[in-house]
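Inspection log for the structure reproduced underneath, given as structure tokens.
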Protein chains: 2
Amino acid sequence: MRKKGLTIKDVAKKAGVGVGTVSRVLNNSPHVNPKTRMHVLKVIEELGYIPNPHARRLSSGHSGIITTIFPQMVGEFHQLLLMGIDRVLENEGYTSFVYPLYSDNRYRFVKESSDFVLGTDGLIIDALNVDRLLSQYIPRNTPVVSLEYESSNYDSVLVDNFYGGMLAGDYIASFEGEIFIVTHRPESELESTVFDERVNGFIESIERKGKKVSEIFEIPLDWLQAFNIAKGIFRRVKRSLIFAATDYFAFPIVEVARLLGLEGKKDFYLCGFDNLTLSNILNITTIKQPIYEMGRMAGEILLKRIKGYSRKPRAIVLKPELIVRKT
Amino acid sequence: MRKKGLTIKDVAKKAGVGVGTVSRVLNNSPHVNPKTRMHVLKVIEELGYIPNPHARRLSSGHSGIITTIFPQMVGEFHQLLLMGIDRVLENEGYTSFVYPLYSDNRYRFVKESSDFVLGTDGLIIDALNVDRLLSQYIPRNTPVVSLEYESSNYDSVLVDNFYGGMLAGDYIASFEGEIFIVTHRPESELESTVFDERVNGFIESIERKGKKVSEIFEIPLDWLQAFNIAKGIFRRVKRSLIFAATDYFAFPIVEVARLLGLEGKKDFYLCGFDNLTLSNILNITTIKQPIYEMGRMAGEILLKRIKGYSRKPRAIVLKPELIVRKT
DNA sequence: CTGAAAGCGCTTACAG
DNA sequence: CTGAAAGCGCTTACAG
């Protein structure tokens, strides 16, 4: 039967050493006699002692954890980003937790509860208006890096979404047909404007070529809605040219085209955004973002900040590229 | 210019009260004179004071956070589960962080670093061999709930996957053709055996009807591989009956069928597992799991444990159901 | 309702 | 290499 509240003192007493020595063993300090270390380790094992994380963090001043905040958690995109972030952090003994904001309550928690937001050593925040999200308290000892949103207070890592939209526009404008946009309507006013930028870039390019967009559909990140909109478009228009501001919408659109027996690059043209695996499988033309790379850079900057780097925040902007496939 | 290391003492001094009073204000204690409260709040505001989370957690003994661990993070399934978990926890002032295990390093961190795993008030662990994952240390003050894996040490919430597999088998076996299984090969020995159970249930049902499975394909959770396997099957076999142990595989399989001009329920039959949104859109027959419900129950049990409930762990088993669509 | 003080369980100079 | 002690920044009985 094990005792509940084992502390470092219990270990020290049983091992016949001071708590300092136990602590050094726990933290792999080189300044411990190998024999002492072995002995202490054995006692720890016997007792089944587990250090209290909160105490460790309070006295050491750090947790070894960083938090990544996403507006929602839809899969591949986010996992890739995380892998990029890990790439850098893991070497330094850090790891990252995820806090997805798929509900109003979660937004509220982040906005109002500095307590748990600042319980880790750093924050990477994706596709959110960071400045407003954190307006109720200013993280001072907790560095923040903003992804996909250009912050005025923190370092940012961005993709040039306007340019990406233009690439899509250049592609689409080179064909004949009626032009449509299917884009994401943010579910919170705190979501960043990446989709708007893509759409604006697209429209800019289209108009430069003297053409115009017939209709813009703004919907939540919901396959079914995209599906229904595509049905409407394909049924009404003989030949449609569609820009899906994210691949997630491109998937169901292509599906509808298939159901109706429409052929890509003949009956319709479609350009997505993101270059997810499924767009590769479905052979969808899309705009590629360097997702993993973005994560990596965000991790790098955050790490520098954690280590004390204190220059003025700046933004890094990456370029997207067009990938032409069969739509 | 704000000072860096503001503490509760600075606030107390400036407000002319004791730290206890500041603490009570911070924690919304009812035992504070409204005027005192207002004043302290103003000072906190002026100073821009933010309480140190680690200190709070050390003295209060809890963090208000629970951690959910997934083998990977592929999207809809996990978000639904999380929403179910939240449903219960939010009412009690808790919120949940996610720790996805998409890399070996992450497995290692969980297995070896009790420190950060136990830094929250509770653990919900999905589709992993919890007993082995946590074998290196026994969480004592941190309750654990296992999802999709029947643990011998902790409460479990499960779906009867074997039965689900049988439902799929009953469906598939009622048609003529060559039978295939496409299932997930765990990338870590610590992943749970949900897929095996589904497959075993399927085979059991098939064999009871005097039929047999031609081939079993085990692949990672990778659309491209499923895509290629489907190609092979459809090209070789005139009429195939396929059980995809997860809808994620069913999507690309249907895609290949489309490309080859094959018609569901005529040229091939396909039954997936999970009933994700995309299987609805693609009209794929599948086995429905009560995902949200599972999350909700896991959250409920965890909460009870956090509050001190200490009976012997037990397992709750939910039933899946067959949803017949156009494949 | 409030303040002074003990205590949460570690880490880390400090002196040896 | 090691121990005793101060300190991390809160919370929470306790006495008033």
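Sequence lines set the chain letters: A, B, ... in the order given, protein chains first and strands last, and positions in each chain run from 1. All values below were derived from every heavy atom in this structure, side-chain atoms included, with hydrogens, water molecules and symmetry-related copies excluded.
Across A:L190, A:V117, A:V144, a single residue satisfies side chain to side chain contact (heavy atoms under 4.5 Å, CB included) together with A:L133, and that is A:L190.
In this entry the distance linking CG of B:L58 with P of D:dC10 reads 12 Å, nearest Å. Atom CG in A:N141 sits about 13 Å away from atom C1' in D:dG9, given to the nearest Å. In this structure, the CG atom of B:N52 is 18 Å from the P atom of C:dC8, given to the nearest Å. At whole-Å resolution of the value, CE in B:M38 and P in C:dC1 are 15 Å apart. One atom, CD1 of B:I8, and another, P of D:dT12, lie 11 Å apart when rounded to the nearest Å. Atom-to-atom, NZ of A:K9 to C1' of C:dG7 comes out at 9 Å; the value is rounded to the nearest Å. One can place CD1 of A:I44 at 10 Å from P of C:dC10, the figure rounded to the nearest angstrom.
The side chain of B:Y49 contributes no N or O atom lying less than 4.0 Å from OP1 or OP2 of D:dG9. Distances shown here put every side-chain N or O of B:R57 at or beyond 4.0 Å from the OP1 or OP2 atom of C:dC8.
When the C1' atom is compared between D:dT12 and D:dG16, the two are found 16 Å apart, to the nearest whole Å.
For the residue pair A:Y94/A:D86, the side-chain donor-acceptor check at 3.5 Å is not satisfied. For the residue pair B:D131 and B:S152, a side-chain donor N or O sits within less than 3.5 Å of a side-chain acceptor on the partner.
Note on B:P51: only backbone sugar-phosphate atoms sit closer than 4.0 angstrom, heavy atoms only; bases stay farther off.
At a threshold of 4.0 Å, the pair B:E46-B:K14 counts as salt-bridged, since one of the basic side-chain nitrogens sits closer than that to a carboxylate oxygen. Of the charged side-chain nitrogens involved, none lies within less than 4.0 Å of a carboxylate oxygen, so that A:D155 and A:R314 do not count as a salt-bridged pair. Using a 4.0 Å cut-off between charged nitrogen and carboxylate oxygen, B:E293 and B:R296 count as a salt-bridge pair.
Among residues two or more places apart in sequence or in another chain, the ring-ring contact (aromatic ring centres under 6.0 Å, His included) test is passed with B:Y49 by none.
If you check residues 20-36 of chain B against DNA chain D, the residues with a heavy atom closer than 4.0 Å are B:G20, B:S23, B:R24, B:N27, listed by number.
Consecutive Watson-Crick or G-U pairing (both distances under 3.5 Å) extending over three or more pairs maps onto DNA chain C as C:1-3 with D:14-16, C:5-12 with D:5-12, C:14-16 with D:1-3.
Using cut-offs of 30° and 60° on the angle between ring planes, the pair B:H78 and B:F70 is tilted. Ring pair B:F97/A:Y99 is tilted by interplanar angle, where 30° to 60° counts as tilted.
Of the residues near DNA chain C, A:H62 and A:H54, the one whose nearest nucleotide (by heavy atom distance) lies more toward the 5' end is A:H54. In terms of position on DNA chain D, the residue among A:V19 and A:R37 whose nearest nucleotide sits closer to the 5' end is A:R37.
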